[in-house]
Amino acid sequence: MYIKTLKLMNFRNYSGLRLSLSPGLNVFVGDNAQGKTNILEAVFVSTYARSHRTTKDDQLIMNGANESYIGLTAQTNEGEVTVEVKRQRSLPSRFSVDSKPVKRLGDLMGSINACLFSPESLSIVKGSPEDRRRFLDMALSQLHPQYFYRLVQYNTALKQRNALLKSDVRDPAQLLMWDALLASHGAQLMAAREAFVRDLAQRASRLHLSITQGKEVLRVSYAPSVEPSDDMERSLLDALSRCVEDDLRRGFTTRGPHRDDIALWLNDSDVRFFGSQGQQRTAALALKLSEVPLVRETRGDTPVLLLDDVFSELDDARRDELVKAMSQCQCLLTCTSVEGLKCMGLPRTKVFACRGGAVEEMTI
């Protein structure tokens, strides 16, 4: 898969922009706050129906404008696909695929496949369990759109159960319907997460060994809040039943996929708490780059790799692994200098200069 054209109107600092992209490497060069990351963000929004930088969609609209537009056309193994995103202030974003309105966000998932590595990706390692669950949910929603629907159903049931726990009604029997829904949907979420983490762990461990030249072993494992079993639905039901008094006292549900985590060990230490900045960055890089072949094998198409201002933070070994990944797919890369681009030796490279909401192709 590769993006052929990208069109923006009143998106962030771009009043109007149309880009024709290379199927290889596309480099966006410029000083900070000139709009480089905004281009990657537009692709991310078209892929995941949300920004990786903000939860406030109105921030995506240019100051002084009332609406914004993203139009993205990509070539896939199955043909050409066009995704459009239209946003008006204080209203939900509207998505369409090949001019057909997307009625459910799950129908958007998988239309465009993309993997992002940015400074924010470090939160997968050093952030909260919520950050790691978000990583799982976004990756799995792209790989398996039905996972997204199951996640929405689970979160809806969880919201209802928590509302009941906080209400004046304190009869545990009234929770049984929500318990059954949480167990049914939750068991399928957990099965998908366990399989995904197991596959990702093998890839990330091999890649991490390569980056560190065999000096450090990365171990990744699924850390659910309820012990997995052959009958996960029954295990979830039992866990919810055992914790009901505690849940009533606390006013929220204390067991289930919404409390899951990922364990990350480097040799014998938990890298989340005891790893150095460099070790945490290497672990995050190994996890994110392992997504690329996983998406390719699962979806049957190579994802677009989005790299936001990461080269300056990497040593030679990590940079070499990144260049290997870049050579296998379309890549959109942001940086503040063209220095070092020629030594990458990647064919089909386009370089764009970004300044104040204008983008111009340049030669190096």
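For clarity, every value in this text was computed on a predicted model and none was experimentally measured.
- Under a hydrophobic clustering in which Ile, Leu, Val, Met, Phe, Trp and Tyr are joined whenever their side-chain heavy atoms come within less than 4.5 Å, directly or via other members, F95 and V81 fall into the same cluster.
- The backbone N or O of V271 lies less than 3.5 Å from a partner atom in the side chain of Q280, making a donor-acceptor pair.
- Counting heavy atoms from C-beta outward, R89 and E67 have side chains that stay 4.5 Å or more apart.
- R18 places none of its side-chain heavy atoms less than 4.5 Å from the side chain of L6.
- A 4.5 Å side-chain heavy-atom check between V125 and R132 finds every atom pair outside the cut-off.
- In the hydrophobic clustering of ILVMFWY residues, with side-chain heavy atoms under 4.5 Å counting as a link, L305 and F44 come out apart.
- Residue V43 is grouped with residue V102 when hydrophobic side chains (ILVMFWY) are merged at heavy-atom distances under 4.5 angstrom, including chains of intermediate members.
- Interatomic distance, CG of D247 versus CG of L164, reported as 11.0 Å (0.5 Å rounding).
- Here the OG-CZ distance, from S327 to R348, works out to 10.0 Å after rounding to the nearest 0.5 Å.
- Looking only at side-chain heavy atoms (C-beta outward), L236 and M190 come within less than 4.5 Å of each other.
- Rounded to the nearest 0.5 Å, atoms CG (L72) and OG (S111) are 10.5 Å apart.
- Residues Y147 and D137 have side chains that bring a donor and an acceptor to within less than 3.5 angstrom of each other.
- Salt bridge present: E80 and K4 bring a charged side-chain N and a carboxylate O closer than 4.0 Å.
- Salt bridge status for R133 with E130: absent, with no side-chain N to carboxylate O gap under 4.0 Å.
- If you check the side chains of R234 and S229, you find no donor sitting under 3.5 Å from an acceptor.
- Taking the ring axis of Y149 as reference, the NZ or CZ atom of R104 stays within 45° of it and closer than 6.0 Å to the ring centre.
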Review point. Step by step, would you call R259 with T254 a side-chain hydrogen bond (donor to acceptor under 3.5 Å, both in side chains)?
Key: CA-CA 7 Å; R259 308 283 288 183; T254 57; over 6 Å; no
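- Ring pair Y154/H258 is tilted by interplanar angle, where 30° to 60° counts as tilted.
- In this structure, S184 contributes its side chain and L181 its backbone to no donor-acceptor pair below 3.5 Å.
- Cluster membership for L306 and V45, using ILVMFWY side-chain heavy atoms within less than 4.5 angstrom, is shared.
- Side-chain contact check for R281 versus V310: every heavy-atom pair is 4.5 Å or farther apart.
- For the pair K36 and D31, the salt-bridge criterion is not met [side-chain N within less than 4.0 Å of a carboxylate O].
- We find the CZ-CG distance between R50 and D57 to be 9.5 Å, quoted to the nearest 0.5 Å.
- L116 and L307 fall into different hydrophobic clusters, where Ile, Leu, Val, Met, Phe, Trp and Tyr are joined by side-chain heavy atoms under 4.5 Å apart, directly or via other members.
- Side-chain contact check for N10 and Y69: no donor-acceptor pair (N or O, by modelled atom type) lies under 3.5 Å.
- T298 contributes no side-chain N or O that, together with a main-chain N or O of L143, makes up a donor-acceptor pair within less than 3.5 Å.
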Exercise for review: Go through I262 and V220 one step at a time and tell me if the side chain to side chain contact (heavy atoms under 4.5 Å, CB included) criterion holds.
Suggested key: CA-CA 7 Å; I262 303 175; V220 184; 3.6 Å; yes
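- Using modelled atom types, one side-chain atom of N267 and one backbone atom of V217 make a donor-acceptor pair closer than 3.5 Å.
- T76 and E78 share no side-chain donor-acceptor pair at under 3.5 Å.
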Point to revise | Worked verdict on E321 versus S210 for side chain to side chain contact (heavy atoms under 4.5 Å, CB included) | key: CA-CA 8 Å; E321 289 298 335; S210 175; 2.6 Å; yes
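- Residue N63 places its CG atom among 12 or fewer non-hydrogen atoms of other residues, nucleotides or ligands, all under 6.0 Å distant.
- Counting heavy atoms of neighbouring residues, nucleotides and ligands inside a 6.0 Å radius, atom CZ of F274 does not exceed 12 of them.
- To the nearest 0.5 angstrom, R250 atom CZ is 12.0 Å from L165 atom CG.
- Side chains of K100 and V97 form no contact here, defined as non-hydrogen atoms less than 4.5 Å apart.
- A donor-acceptor pair shorter than 3.5 Å can be found between the side chains of N13 and N38.
- The distance from the CG atom of L332 to the CG atom of L19 is 9.0 Å, given to the nearest 0.5 Å.
- Counting heavy atoms from C-beta outward, S20 and K350 have side chains that approach closer than 4.5 Å.
- In this structure the side chain of R161 reaches within 4.5 angstrom of the side chain of L175, judged on heavy atoms.
- In this structure, D261 pairs ionically with R272, as a charged nitrogen and a carboxylate oxygen lie closer than 4.0 Å.
- Side chains of R150 and Q188: a donor-acceptor N/O pair is present below 3.5 angstrom, by distance only.
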Point to revise | S235 and D238: CA distance, side-chain angles, deciding distance, side-chain hydrogen bond (donor to acceptor under 3.5 Å, both in side chains) verdict | key: CA-CA 5 Å; S235 295; D238 291 344; 5.7 Å; no
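- Other residues, nucleotides and ligands contribute at most 12 non-hydrogen atoms within 6.0 Å of the CE atom of M9.
- Residues T334 and D309 bring no donor and acceptor atom of their side chains to less than 3.5 Å of each other.
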